[in-house]
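To start, the structure under review is shown below, and the notes come after it.
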Amino acid sequence: MSQTVDRALSILPLLAEGPADLGQVADRLGVHKSTALRLLRTLHEHGMVYRQSDQRYRLGARLIALAQEAMENLDIREIAHPHLVRLNEQCGHTVHLAVYEEDEVLYIDKVESRYPVRMYSRIGKPVAITVAAVAKLLLADLPAAERRTLADKLDYPMYTSRSTPNAPAFLRELEKVREQGWATDLGGHEESINCVAAPIRGADGRVVAAMSVSAPNVVVTADELLTLLPLVRRTADAISGEYSGKTPVKEVTS
């Protein structure tokens, strides 16, 4: 039974590449055409595949609908929260989770630091979009034309001397972040606060959220905070794997 299920499931990635006929399916599975036909018929009955008029098979509408429904029901905050708590326990600093919605980057989760100094950020509150590390990651993943359009209509308040001054500088920063796969805010919003961030990706590789670790420089220097970047990235990768269903749930260790 397990071999039959394995063979049937192996058909789906093949058809995701495009329509295939019975012979192609049989060849990919390494089975006789009669065996491949039985598997295809079963998948067809459940709406997982569809037989076209040219006798080739493609993925069925039912499978696509199920995938869409599953994606809509995924709660990135619910998946990420245990990882954020674990990271906070390991480093002691404030941990944020943010998403991009309707031209704003919003915090959707926060785990407070273990020391008396508190950050003023709040869940549901938009971030300073031109300087925040999480914002840079989320916007860097947008198509180039969309990045340019957004950058041109943003205001660039100089929160500090390290704030992003204008659209060209912002676009250069986004390109840098896109290439390196992580981001920082080293005193760009508040002189005394530094932040490192990493992206959380969905099954298609697109950035669906970003997470960060922030700390005041009276607790750790910017250089000391940057040493946590590998741990932050591993945590983000673990969340990405769980969110996309590509890796089993496992703890991240320092």
Could you go through the side-chain contact (heavy atoms from CB on, under 4.5 Å) check for I79 and H81 one step at a time? CA-CA 6 Å; I79 292 171; H81 187 73; over 6 Å; no
With heavy-atom distances below 4.5 Å as the criterion, would you say the side chains of L228 and L225 are in contact? yes
Pairwise side-chain contact, V134 with Y107, heavy-atom cut-off 4.5 Å (strictly under): yes
Check: L40 and V25 side chains under 4.5 Å, non-hydrogen atoms: yes
Spell out, as yes or no, whether a donor-acceptor pair under 3.5 Å connects the side chain of T130 to the backbone of T164. no
Within the supplied structure, the quantity of interest is the number of heavy atoms (other residues, nucleotides, ligands) at a distance under 6.0 Å from Q52 CD; does it exceed 12? yes
Flag yes if more than 12 heavy atoms outside R233 fall under 6.0 Å of its CZ atom; otherwise flag no. yes
Where do L15 and R58 land on the side-chain contact (heavy atoms from CB on, under 4.5 Å) test, with the steps shown first? CA-CA 5 Å; L15 299 186; R58 60 172 171 79; 5.6 Å; no
Salt-bridge test for D237 and R201: reply yes if a basic N is under 4.0 Å from a carboxylate O, no otherwise. no
Polar side chain donor-acceptor pair, H93 to Y115, under 3.5 angstrom: yes
If we only count heavy atoms from C-beta on, is the T221 to L226 side-chain gap below 4.5 Å? no
R178 side chain vs A140 backbone, donor-acceptor pair below 3.5 Å: yes
If we ignore hydrogens and angles and just use 3.5 Å, is the side chain of Y156 paired with the main-chain N or O of A151 as donor and acceptor? yes
Going through the checks in order, is the side-chain contact (heavy atoms from CB on, under 4.5 Å) test met by L37 and H32? CA-CA 9 Å; L37 182 59; H32 193 274; over 6 Å; no
Could you tell me whether the side chain of Q24 and the main chain of D21 form a donor-acceptor pair under 3.5 Å? yes
Apply salt bridge (charged side-chain N to carboxylate O under 4.0 Å, His left out) to the pair R114 and E89, showing each step before the final yes or no. CA-CA 8 Å; R114 296 205 302 268; E89 291 171 348; over 6 Å; no
Minimum side-chain heavy-atom gap L87-V213 below 4.5 Å: yes
Is the backbone of G188 close enough, under 3.5 Å, to the side chain of D185 for a donor and an acceptor to pair up by distance? yes
Main chain of L186, side chain of R162: is a donor-acceptor contact present, judged purely on distance under 3.5 Å? yes
Cluster question for you: counting only ILVMFWY and a side-chain heavy-atom cut-off of under 4.5 Å, with indirect links fine, are Y50 and I11 together? no
Salt-bridge contact E17-R28 (side-chain N to carboxylate O under 4.0 Å): yes
H189 and Y159 aromatic ring geometry - parallel, tilted or perpendicular at 30°/60° bounds: perpendicular
Tell me, do V208 and V99 make a side-chain contact under 4.5 Å, heavy atoms counted? no
State whether R56 and D54 are salt-bridged, where the test is any N-O pair (Lys NZ or Arg NE/NH1/NH2 against Asp/Glu carboxylate O) under 4.0 Å. yes
Taking only Lys NZ, Arg NE, NH1 and NH2, and the carboxylate oxygens of Asp or Glu, determine whether K110 and E112 approach each other closer than 4.0 Å. yes
Do V207 and L229 sit in the same hydrophobic cluster, where Ile, Leu, Val, Met, Phe, Trp and Tyr count as joined when their side-chain heavy atoms come under 4.5 Å apart? no
Counting N and O atoms only, with roles assigned by atom type, does the side chain of T160 sit under 3.5 Å from a partner on the main chain of G187, one being a donor and the other an acceptor? yes
Going by heavy atoms in the side chains, are H46 and R62 under 4.5 Å from each other? no
Can R77 and D109 be counted as an ion pair, charged N to O under 4.0 angstrom? yes
Should Y100 and L106 be regarded as members of a common hydrophobic cluster, given that ILVMFWY residues are connected when their side-chain heavy atoms come within less than 4.5 Å of each other, either directly or indirectly? no
Can you get from I76 to V105 by hopping between Ile, Leu, Val, Met, Phe, Trp and Tyr side chains that sit under 4.5 Å apart? no
Going hydrophobic residue to hydrophobic residue with side-chain gaps under 4.5 angstrom, can you get from I123 over to I200? no
Hey, does the side chain of Q180 reach the backbone of W182 with a donor-acceptor pair shorter than 3.5 angstrom? yes
Is any side-chain heavy atom of R234 less than 4.5 Å from a side-chain heavy atom of L231? yes
